[in-house]
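In this text, all values refer to a predicted model and were calculated from it rather than measured experimentally.
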Amino acid sequence: MRKFYVMLGFFLVLFAVSVHTPTSAYAQQEIPARAQWGKVAVKETQAKYPQAKILDYLYEGSEVNEDTTIEKFKLWIKLSDKEFGVQVRIKYVTNTNKLVKVEFQETTP
């Protein structure tokens, strides 16, 4: 009978330890502003080159002026058998995030 209680105690402890899973609150990571503009860069590039496949993406930084910001990206695309880079410059009003213009410039490897 003593064996029974020892085994029962062992299983109760084992069950209690395995059931207890500590919960921890993870702080939500803030999505950087460049992520929003990166999506715009990809979308606008796809609109300009609808038959192209976007192969790679690089964030090149931002340029802050008085009331506007320019986010700079470089996308590597493949169109038919031709691969080339496209520099995308997105200008927006810093305070309101209102899109001002999107500029494209093709680059060679």
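- Other residues sharing the hydrophobic cluster of V100, ordered by chain and number and joined by side-chain separations under 4.5 Å: V93.
- The distance from the OH atom of Y57 to the NZ atom of K74 is 14.5 Å, given to the nearest 0.5 Å.
- For K101, the salt bridge (charged side-chain N to carboxylate O under 4.0 Å, His left out) test picks out E103, with sequence neighbours left out.
- Linking Ile, Leu, Val, Met, Phe, Trp and Tyr whenever their side-chain heavy atoms come within less than 4.5 Å puts Y59 and Y92 in one cluster.
- E71 approaches S62 most closely through the heavy-atom pair OE1-CB, 3.3 Å.
- For the pair T94 and D67, the minimum side-chain heavy-atom distance is 4.5 Å or more.
- Rounded to the nearest 0.5 angstrom, N95 CG and T69 OG1 are separated by 8.5 Å.
- Taking the side chain as every heavy atom from C-beta outward, L55 and E83 approach each other to under 4.5 Å.
- Put simply, CZ on F73 and CD on E60 are 9.5 Å apart, with the number rounded to the nearest 0.5 Å.
- Taking every heavy atom of both residues into account, I77 and A52 meet most closely at CD1-CB, 4.1 Å.
- In the hydrophobic cluster analysis, where Ile, Leu, Val, Met, Phe, Trp and Tyr join through side-chain heavy atoms closer than 4.5 angstrom, I54 is grouped together with V40.
- There is a side-chain donor-acceptor pair under 3.5 Å between E106 and Y49.
- No more than 12 heavy-atom neighbours from other residues, nucleotides or ligands sit within 6.0 angstrom of NZ on K78.
- From R89, atom CZ reaches atom CD of E63 across 8.5 Å, with rounding to the nearest 0.5 Å.
- The shortest distance between side-chain heavy atoms of L79 and F84 falls below 4.5 Å.
- Taking every heavy atom of both residues into account, V86 and F104 meet most closely at CG1-CD2, 3.8 Å.
- The closest side-chain heavy-atom distance from W37 to N97 is below 4.5 Å.
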| task | Output, in order, the C-alpha distance, side-chain angles, deciding distance and verdict of side chain to side chain contact (heavy atoms under 4.5 Å, CB included) for V88 and E44. | result | CA-CA 9 Å; V88 182; E44 293 294 321; 5.7 Å; no

